[in-house]
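Quick notes on the structure that follows.
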Amino acid sequence: MPELPEVECVRRSLEPLLAGARVLRAELLRPDIVTGPARARDLLQGTEAVALRRHGKQLAILGRPGRRGGPAPRDREARVLLVHLGMTGQLMLLPAGASPERPGHVHARWRVRRPDGTEHLLVFRDPRRFGGLWTFRSVAELEVRWSGLGPDALELSARDLSTALAGTTRAVKAALLDQRVAAGIGNIYADESLHLAGIHPAARSDRLRAGQVRALARAIPAVLRRSIRAGGTTRRDYTDGLGRAGRAGRRLAVYGRAGAPCLSCGTCLRESTVAQRTTVHCPLCQPLRARGPAGPG
DNA sequence: CCGGACTCCTGTGCGC
DNA sequence: TGCGCACAGGAGTCCG
């Protein structure tokens, strides 16, 4: 369930506490969640966390080699740990000695010491294991991976979106869920963005009018930013890196509201399946066929 | 090559 | 009341 806003809230909550912290120990409890080299060093042990970066739904912790102790040449390299939360993933920072509220399904943990001397435990838990960790030896390697994704959905331009949609016959919602079109949109914010833009989720991507594409390109970042400001959407499990639930769920216009009245027009919201995903839209605000004088025919 | 379908995984909630 | 099944979905893979 974590989509771009939730991952960004995790990033913002953790970065001030992790930046400058020394990773004293990395423990991998379930090796099969890692892709790439998975020794302690690859999991940032011995490095200093310098920054948390996000692209779409992916969160990277950048580790810089320590200066003390004359490390072996191999260990003077930078390390990058990429975290994908999947559906039920959580990355949480706890005071050292504390145990997670729900300790089950903790797959990795890190003991860190901040510059002020306090020690904390960073925990990755993911019951459903749709998420995971990826390790890289450099920021350049991370960027190679990220180059396979489209532009971050917060930075999406009308031009980029227009090009991507013009080249596919898929339903527009299917295109929005494709991380190569825009990185960071999942089922919740696809439905929310399409509702705000007044576009039917099943409309063919390449048949949208220019005005619809522009409206969608405006709606996507607007919906995401509003959710970030409210701390993200918590439906069940999601919390930020300090265990705080988000308040954006109560602002959702369509997701999870099938059968309820549209907040704009009062029409009963309709549930369907698009791109194998539960989809909710307003039949009046989001007509499949364009209305008005600008329409084709 | 494109797009749709299937798969992984487990907690939750509903229906019988 | 309790059991069992359907459902939730990000993203990789497979197949037509």
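For the numbers below, each heavy atom of this structure counts, side chains included, while hydrogens, waters and symmetry mates do not. Letters go in sequence order (proteins before strands), and every chain restarts at 1.
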Proximity to the side chain of [X] - top-ranked nucleotide from [options]:
{"X": "A/Gln179", "options": "C/dA11, B/dC9, C/dG10", "result": "C/dA11"}
{"X": "A/Thr168", "options": "C/dG9, C/dG12, B/dG3", "result": "B/dG3"}
{"X": "A/Lys57", "options": "B/dG4, C/dG9, C/dA11", "result": "C/dA11"}
{"X": "A/Leu177", "options": "C/dG9, C/dG12, C/dG10", "result": "C/dG10"}

Length of the [atom1]-[atom2] vector between [X] and [N], whole Å:
{"X": "A/Gln276", "N": "C/dG10", "atom1": "CD", "atom2": "P", "result": "12 Å"}
{"X": "A/Leu59", "N": "C/dG10", "atom1": "CG", "atom2": "P", "result": "17 Å"}
{"X": "A/Gln90", "N": "B/dC9", "atom1": "CD", "atom2": "P", "result": "20 Å"}
{"X": "A/Glu3", "N": "C/dG10", "atom1": "CD", "atom2": "C1'", "result": "9 Å"}

Using the rule for Phe, Tyr, His and the six-membered ring of Trp, do A/Phe130 and C/dA11 stack at under 5.5 Å and under 30°?
no
Between A/Arg128 and A/Trp134, just flag the one whose closest nucleotide in DNA chain C comes earlier from the 5' side.
A/Arg128
Examine the side chains of A/Tyr238 and A/Glu3 and answer whether a donor and an acceptor come within less than 3.5 Å of each other.
no
Would you say A/Asp160 and A/Thr163 are linked by a side-chain donor-acceptor pair, where the criterion is simply a distance under 3.5 Å?
no
From the options A/Arg25, A/Arg114, A/Arg111, select the one residue that forms a salt bridge (charged side-chain N to carboxylate O under 4.0 Å, His left out) with A/Glu119.
A/Arg111
